[in-house]
Amino acid sequence: MEKFNKLDTIVPVEDFEEEGCVFAIGKRKFWIRGEINEDLFDLAMEIVKINRKDEGIPAGERKPITIYLTTPGGEAESTLVLTDIMNTSKTPITTIAMGDCQSAGSIILMTGHYRMALRNTDIMIHDVSTAMPNALKRKFLTEYISYFDKKFAGLADYIQDCTNVTDEDIKGKYTNEDYWMSAQEALEKGVIDAIVDNIEDMY
């Protein structure tokens, strides 16, 4: 099964590949499911293609892209590429969290132009983590840690720009522990714009 056959091809749930994390489930509708990996690069390019197709159409008249999220998080690099593309997209992007939306998934969620969650969804943001390169020499260790600290600071600023999460939250819960929130708290914190109460909001 090819995950990106055609934008108007719905992929049957039973055909989902375990190693994949992004699936086209309808025209302009994508499901990020499971642990996030390099599949997000493909999704980023799909968003570019849709914007190219929509060129010349006013943003308010474009049919939105919908990204559904059910994920424990995963790879940071591909996540940041996707969110960069989402932020430059003139075609509106709706993000919808379903069930579980953690770590990198929460960053994608809050990047949507319109963000929603099912009522019983659990959302979690936390400090950035990385795998230390095995071959890192001691003299480069300080520079690596310094770079990573700057990257964390930039992501913390980004979260505050996208939400109503406070500096106190960032310096407290976010840096010291996993920061879990219900859909209601996510709404109050500006992580999402609405809780889904009508099935028609899902499509």
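Side chains are part of it too, since the values below use all heavy atoms of this structure and drop only hydrogens, waters and symmetry mates.
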Just how far is it from atom CG of Asn87 to atom CG of Asp84, taken to the nearest 0.5 Å? 7.0 Å

Does the distance from a Lys or Arg side-chain N to an Asp or Glu carboxylate O, for Glu46 and Lys49, drop under 4.0 Å? yes

Flag side-chain contact, heavy atom, 4.5 Å: Pro64 against Arg28: no

Within this structure, what is the CE-SG distance for the pair Met124 and Cys101, rounded to the nearest 0.5 Å? 10.0 Å

dist Thr163:OG1 -> Leu109:CG (nearest 0.5 Å) comes out at 10.5 Å

Under 3.5 Å, is there a donor on one side chain and an acceptor on the other for Asn51 and Ser89? yes

State, to 0.1 Å, how close Ile123 and Ser106 come at their nearest heavy-atom pair, and which atoms those are. CG2-CB, 4.1 Å

Is Met45 reachable from Ile85 through a run of hydrophobic residues whose side-chain heavy atoms are each under 4.5 Å from the next? yes

Do Glu75 and Ser78 have a side chain donor and acceptor closer than 3.5 Å? yes

Return the OG1 to NZ distance between Thr66 and Lys29, rounded to the nearest 0.5 Å. 3.5 Å

I'd like to check Thr71 versus Trp31 (side-chain heavy atoms, cut-off strictly below 4.5 Å). Are they in contact? no

Within 6.0 Å of CG in Asn198, more than 12 heavy atoms from elsewhere: yes

Glu38 atom CD: more than 12 heavy-atom contacts under 6.0 Å: no

Shortest non-hydrogen separation from Lys63 to Thr91 and the atoms involved: O-CG2, 3.5 Å

How close do Cys21 and Leu40 get, counting heavy atoms only, and between which atoms? SG-CD2, 4.4 Å

When hydrophobic residues are tied together by side-chain contacts of less than 4.5 Å, even through go-betweens, does Val81 share a cluster with Met110? no

Between Asp100 and Trp180, which heavy-atom pair has the shortest distance, and what is it? OD1-CZ3, 4.1 Å

Begin from the C-alpha positions of Tyr158 and Thr83 and carry the test side chain to side chain donor-acceptor pair (under 3.5 Å) through to its verdict. CA-CA 11 Å; Tyr158 181 75; Thr83 54; 5.0 Å; no

Taking all atoms of both residues into account, what is the closest heavy-atom pair of Glu35 and Pro72, and its distance? N-CD, 3.9 Å

Between Asp54 and Lys90, is any pair of side-chain heavy atoms under 4.5 Å apart? no

Side-chain heavy atoms of Ile67 within contact of Thr94, under 4.5 Å: no

Taken to the nearest 0.5 Å, the spacing of Ile107 CD1 from Cys162 SG works out to 7.5 Å

Connected via hydrophobic side-chain network under 4.5 Å: Phe41 and Ile47: no

Using 4.0 Å as the upper bound for N to carboxylate O, is an ion pair formed by Asp39 and Arg33? no

Looking at CZ of Phe23 and CG of Leu43, how far apart are the two atoms once the value is rounded to the nearest 0.5 Å? 12.0 Å

Applied to residues 191-203, the salt bridge (charged side-chain N to carboxylate O under 4.0 Å, His left out) test, sequence neighbours excluded, yields Arg115-Asp193, Arg119-Asp197

At their closest point, which heavy atom of Tyr203 faces which heavy atom of Tyr68, and how far apart are they? CA-OH, 4.1 Å

